[in-house]
K.L.:
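My questions all concern the structure below.
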Amino acid sequence: MYTQGLDGQIGPVREAETAEEKAREAAFQAKIDAEIRIEPSDWMPEGYRRTLIRQISQHAHSEIVGMLPEGNWVTRAPTLRRKAILLAKIQDEAGHGLYLYSACETLGPTRAELVEQLLAGRAKYSSIFNYPTLTWADIGAIGWLVDGAAIMNQVPLQRCSYGPYARAMVRICKEESFHQRQGYEIMMALANGTAEQRRMAQDALDRWWWPALMMFGPPDKDSVHSAQSMKWKIKRVSNDELRQRFVDVTVPQAERLGLTIPDPHLRWNSERGHYDFGEIDWEEFHRVIAGNGPCNRERLEQRRRAHAEGAWVREAAAAYAEKRARRRAA
Amino acid sequence: MTTDRREWPVYEVFVRPRNGLAHRHVGSLHAPDPEMALEWARDLYARRGEGTSIWVVPASAVTASRPEDREAFFAPFEDKVFRHPSHYHIPPDVENM
Ligand SMILES: [Fe+2]
Ligand SMILES: [Fe+2]
């Protein structure tokens, strides 16, 4: 998901120059080609390390910020069951963020640096979380479409060449399936409900469909850094291919709900064996990524407030640890 | 904005999925002390009954072999094929061996 190539910029990387350096890079690529996973203390090219730090940290930040639009509905969930489910899902997303921060730390950055980058507004996270959750149906649409797109993106990452990232993905993918299913179940309840509930479900699909497609990142022809990532097997499947797969599996799910996907160009292409679909508004995508989506400022403020208001919990934990240590020593 | 510059130590987390199996490394976390590391490991790595027992170990307590020493470190076993059962040729009509 969350690896939509927000910006692949990793700054200037010194190219291998001496014969020895070139041989080392070739040996590294040979390992990748032989499907040997790279582990934290193994030698790796600087560009590989920095690309991973960027991707994994953006992925982690996305999981953390992703809790906010859903958190908006915890106190207003329609039943106690839905509330417990939503809390459990949000807790999972916090866990995903933590697994990923841990994986990222194996490459050098400290947790404090990563958190600081997010709070300071220097880090990118998935564009999808800058859209508002206006009605309860949005919680259904997020589980169904946003977690659905996340699964599509994350499944191939389980085979990423970097061991700690791939292992975090295995855990995450196991947990995502419940997220998508609970969302679809919410949509089913609304789609089979009153006229007003059906209208809510359709409205949520109308607003989330295109942002969900944007989650896969810019088209392949514009993804400058994709080729190197594919060569390093950090990325296994291209943005456009993942997006196509997502459309192909999601259209029948929408039909089953009796809802209409808001795309007049959407039709089955029997020659290709895929759905054709309309042009994505890439200007909107770049606007949201650049910080000017509907909720960018609000999300960051909320995250900062939560961090500041949680300071006493961290301080209390540290004080308690000290007290216990003193007692043990006595 | 207050950001804690001080980092809590890293703990490696090991979970025994069920009795009869060994504890297995599942990941790591930061915590101020071992007791909290244990409780947080449960919340983070065993939310769905993934374990019957958890160990947390300060990452700083792990002594590891180094990748750059890999060849020299593991080489002594490479030429000792006689340590493997397939090294021995036993006629096929000898059973239960
Ligand atoms: Fe997640
Ligand atoms: Fe999720």
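Chain letters run A, B, ... following the sequence lines, proteins first, then strands; residues in each count from 1.
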K.L.:
Heavy-atom distance under 4.5 Å between the side chains of A:Arg171 and B:Leu44, does that happen here?
P.N.:
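In short, these two side chains do not touch, never coming nearer than 4.5 Å.
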K.L.:
Quick one: do A:Lys174 and B:Glu50 make a salt bridge, cutoff under 4.0 Å?
P.N.:
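Here A:Lys174 does not pair with B:Glu50 in a salt bridge, since their nearest N and O are not under 4.0 Å apart.
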K.L.:
For the residue pair B:Ser28 and A:Ser102, what are the closest heavy atoms and their distance?
P.N.:
O-OG, 3.3 Å
K.L.:
Of the non-hydrogen atoms in B:Pro67 and A:Ser41, which two are nearest, and what is the gap between them?
P.N.:
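Taking B:Pro67 first and A:Ser41 second, the nearest heavy atoms are CG-O, 3.2 Å.
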K.L.:
Backbone N or O of B:Tyr45 within a donor-acceptor pair of the A:Tyr99 side chain at under 3.5 Å?
P.N.:
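The answer is no, because no donor-acceptor pair under 3.5 Å joins these two groups.
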K.L.:
Within the 4.5 Å heavy-atom criterion, are A:Arg111 and B:Val10 side-chain neighbours or not?
P.N.:
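A:Arg111 vs B:Val10: side chains apart.
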K.L.:
Can you confirm whether B:Met36 sits close enough to A:Arg324 that some side-chain heavy atom of one is under 4.5 Å from a side-chain heavy atom of the other?
P.N.:
yes
K.L.:
For residues B:Pro34 and A:Arg328, report the shortest heavy-atom separation together with the two atoms involved.
P.N.:
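Answer, listing the atom of B:Pro34 first, then A:Arg328: CD-NH2, 4.4 Å.
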K.L.:
Are there more than 12 heavy atoms of other residues, nucleotides or ligands under 6.0 Å from atom CZ of B:Arg47?
P.N.:
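More than 12 within 6.0 Å, yes.
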K.L.:
Tell me, yes or no, whether the heavy-atom count around B:Asp93 atom CG, taken from other residues, nucleotides or ligands under 6.0 Å, exceeds 12.
P.N.:
yes
K.L.:
Counting only heavy atoms closer than 4.5 Å, note whether A:Gln91 contacts chain B via side chain, backbone, both or neither.
P.N.:
both
K.L.:
Is the shortest side-chain N to carboxylate O distance from A:Lys323 to B:Asp33 below 4.0 Å?
P.N.:
no
K.L.:
Do other residues, nucleotides or ligands put more than 12 heavy atoms under 6.0 Å from the CD atom of A:Glu20?
P.N.:
no
K.L.:
Take A:Asp92 and B:Arg48 through the test side-chain contact (heavy atoms from CB on, under 4.5 Å) and record every step on the way to the result.
P.N.:
CA-CA 11 Å; A:Asp92 276 355; B:Arg48 291 177 172 78; 2.4 Å; yes
K.L.:
Checking B:Arg66 against chain A: side chain, backbone, both or neither under 4.5 Å from a heavy atom?
P.N.:
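Neither part.
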K.L.:
Counting only heavy atoms from other residues, nucleotides and ligands, does the tally under 6.0 Å from CZ of A:Arg122 exceed 12?
P.N.:
yes
